[in-house]
Amino acid sequence: MKVAIFSNNGGTSNEVASKLKEEIVKSDHLEIDGLNPEIVISVGGDGTLLSAFHHYNDAIDKIRFVGIHTGHLGFYTDWRDYEVDQLVSSLEDDNRQSVSYPLLSIKVNYADGGVSDQLLALNESTFKRVSSTMVTDVYIKDEFFEKFRGDGLCISTPTGSTAYNKAVGGAIINPQLNAIQVSEMASINNRVFRTMGSPIIIPPNEWITLIPDNKENNILTCDQMLVKDRPIESIRYQISDQRISFAQYRHTHFWKRVGNSFIGVSDHDEI
């Protein structure tokens with residue numbers, strides 16, 4: 001089986017990646033292949049795994065991911081830095097089982113008439129302005145819904161609902177639900193201007209379209225990445241037909257991840 005190792009530049013992560021490579025080279029059933037891997041092992045944290053996802057997203061249908069965390073427990077990392085031997089043993093006994101999560105499809109049309117961008121996000125996309133209020137029409141399934149005024153909007157996947165979405169007051173969604181969430185950032189609500197004022201959940205057969213009043217000087221993100229600084233005509237968000245898959249050697253239950261990360265639930269407590 002072909003394995004790629006994707007590590008951040010931290011000292012501990014580099015040590016773990018080196019040990020992992022040594023153990024894989026010794027194996028009769030595994031080989032290092034960074035170009036056409038079947039398994040991608042991320043060494044670091046959730047940020048590293050997000051980078052690995054975007055590095056390999058052109059082959060997302062052919063790859064399963066595994067996360068080793070070298071810091072705090074993350075939502076996408078099931079293995080600890082001291083468990084390299086156990087992980088390699090699981091790789092050698094691979095049974096092809098996996099668990100998959102929804103991804104966010106983003107289509108960006110530009111006001112300059114250039115080629116549109118088609119993007120995938122694992123966590124979320126944000127659309128906002130920094131120097132002034134963002135004003136944008138919001139459509140749901142091509143039907144006008146509201147004119148939003150405020151700092152911006154966060155559109156997240158179920159797994160991404162625990163990240164920036166939660167920080168701006170969005171709900172946490174179990175990834176078994178194939179849906180996306182739209183959460184507001186500092187919306188303006190008074191006697192003149194009104195927005196929904198709460199997160200909304202969009203099913204897979206619907207989509208969100210944003211059409212900003214001002215096409216210039218907007219900030220669009222896709223996970224950790226800034227999209228090109230071009231005038232934006234519209235953005236369409238929908239659940240992607242593609243999904244990210246994780247090798248299910250030892251995959252932590254979603255609500256246990258939530259408890260460990262935000263409540264401090266120990267391994268001996270029940271969720």
Quick note, ring pair (Phe, Tyr, Trp, His ring centres under 6.0 Å) partners involving residues 138-167, not counting sequence neighbours, are Tyr139-Phe144

Hey, are [X] and [Y] close enough for a salt bridge, meaning a charged N less than 4.0 Å from a carboxylate O?
{"X": "Lys215", "Y": "Glu233", "answer": "yes"}
{"X": "Arg243", "Y": "Asp61", "answer": "no"}
{"X": "Glu23", "Y": "Lys26", "answer": "yes"}
{"X": "Asp137", "Y": "Lys147", "answer": "yes"}

List the atom of [X], the atom of [Y], and the distance in Å for their closest heavy-atom pair.
{"X": "Phe6", "Y": "Ser51", "answer": "CE2-CB, 3.7 Å"}
{"X": "Ala17", "Y": "Val43", "answer": "N-CG1, 4.3 Å"}
{"X": "Ala171", "Y": "Pro199", "answer": "N-CG, 4.3 Å"}
{"X": "Tyr249", "Y": "Leu87", "answer": "CD1-CD1, 4.2 Å"}
{"X": "Ala4", "Y": "Pro37", "answer": "CB-CB, 3.6 Å"}
{"X": "Gln248", "Y": "Ser98", "answer": "OE1-O, 3.6 Å"}

If Ile, Leu, Val, Met, Phe, Trp and Tyr residues are connected whenever their side-chain heavy atoms lie under 4.5 Å apart, and connections chain through other members, are [X] and [Y] in the same group?
{"X": "Leu119", "Y": "Leu122", "answer": "no"}
{"X": "Ile200", "Y": "Met185", "answer": "no"}
{"X": "Met196", "Y": "Phe193", "answer": "no"}
{"X": "Ile32", "Y": "Val66", "answer": "yes"}
{"X": "Val138", "Y": "Ile235", "answer": "yes"}

Do [X] and [Y] meet the criterion of a side-chain donor-acceptor pair at a distance under 3.5 Å?
{"X": "Thr195", "Y": "Asn189", "answer": "yes"}
{"X": "Thr70", "Y": "Ser13", "answer": "yes"}
{"X": "Ser27", "Y": "Glu92", "answer": "yes"}
{"X": "Thr209", "Y": "Tyr237", "answer": "no"}
{"X": "Thr126", "Y": "Thr221", "answer": "yes"}
{"X": "His69", "Y": "Asp81", "answer": "no"}

Taking C-beta and beyond as the side chain, do [X] and [Y] meet within less than 4.5 Å on heavy atoms?
{"X": "Ile239", "Y": "Leu104", "answer": "no"}
{"X": "Leu226", "Y": "Leu220", "answer": "no"}
{"X": "Trp207", "Y": "Ile140", "answer": "no"}
{"X": "Gln238", "Y": "Ser240", "answer": "no"}
{"X": "Ile5", "Y": "Ile24", "answer": "yes"}
{"X": "Gln242", "Y": "Leu120", "answer": "yes"}
{"X": "Pro158", "Y": "Phe254", "answer": "no"}
{"X": "Ile68", "Y": "Arg80", "answer": "no"}

side-chain hydrogen bond (donor to acceptor under 3.5 Å, both in side chains) with Tyr76: of Asp46, Thr48, Thr159, only one passes, and it is Thr159

Inspect the surroundings of [atom1] in [X] and state if more than 12 heavy atoms from other residues, nucleotides or ligands are less than 6.0 Å away.
{"X": "Asp241", "atom1": "CG", "result": "no"}
{"X": "Asn190", "atom1": "CG", "result": "yes"}
{"X": "Gln176", "atom1": "CD", "result": "no"}

Please round to the nearest 0.5 Å and tell me the distance separating atom [atom1] of [X] and atom [atom2] of [Y].
{"X": "Ser187", "Y": "Asp151", "atom1": "OG", "atom2": "CG", "answer": "9.0 Å"}
{"X": "Ser7", "Y": "Lys21", "atom1": "OG", "atom2": "NZ", "answer": "12.0 Å"}
{"X": "Asp223", "Y": "Ile106", "atom1": "CG", "atom2": "CD1", "answer": "7.5 Å"}
{"X": "Met134", "Y": "Arg129", "atom1": "CE", "atom2": "CZ", "answer": "9.0 Å"}
{"X": "Asn123", "Y": "Ile155", "atom1": "CG", "atom2": "CD1", "answer": "13.5 Å"}
{"X": "Ile232", "Y": "Ser116", "atom1": "CD1", "atom2": "OG", "answer": "11.0 Å"}

(request) Begin from the C-alpha positions of Ile208 and Lys141 and carry the test side-chain contact (heavy atoms from CB on, under 4.5 Å) through to its verdict. (result) CA-CA 6 Å; Ile208 292 285; Lys141 203 175 181 180; over 6 Å; no

Only residue of Lys2, Met1, Glu38 satisfying side-chain contact (heavy atoms from CB on, under 4.5 Å) with Asp33 is Lys2

Salt bridge (charged side-chain N to carboxylate O under 4.0 Å, His left out) filter on Asp112, not counting sequence neighbours, yields Arg230

Applying salt bridge (charged side-chain N to carboxylate O under 4.0 Å, His left out) to Arg149 and not counting sequence neighbours gives none

Under 3.5 Å donor-acceptor, [X] side chain and [Y] backbone:
{"X": "Ser90", "Y": "Gln86", "result": "yes"}
{"X": "Asn178", "Y": "Pro204", "result": "no"}
{"X": "Ser161", "Y": "Ile173", "result": "yes"}

Item to check | Evaluation steps, side-chain contact (heavy atoms from CB on, under 4.5 Å), between Val227 and Asp117 | outcome: CA-CA 9 Å; Val227 180; Asp117 278 332; 4.2 Å; yes

Go through the steps to decide whether Phe65 and Tyr56 satisfy the test ring-ring contact (aromatic ring centres under 6.0 Å, His included), and finish with yes or no. CA-CA 10 Å; Phe65 290 84; Tyr56 287 103; 7.1 Å; no

Note to self: Taking the ring of Tyr101 and the ring of Phe246, is the distance between their centroids below 6.0 Å?
What the structure shows: yes

Task: Asp94/Arg64 under salt bridge (Lys or Arg N to Asp or Glu O under 4.0 Å): CA gap, chis, key distance, verdict - done: CA-CA 11 Å; Asp94 181 70; Arg64 290 174 295 154; 3.0 Å; yes

Can Glu184 and Leu153 be said to form a side-chain contact (heavy atoms from CB on, under 4.5 Å), step by step? CA-CA 5 Å; Glu184 299 179 355; Leu153 294 166; 4.0 Å; yes

Practice item. Check step by step if side-chain contact (heavy atoms from CB on, under 4.5 Å) holds for Ile41 and Leu20. Key: CA-CA 9 Å; Ile41 303 176; Leu20 186 58; 3.6 Å; yes

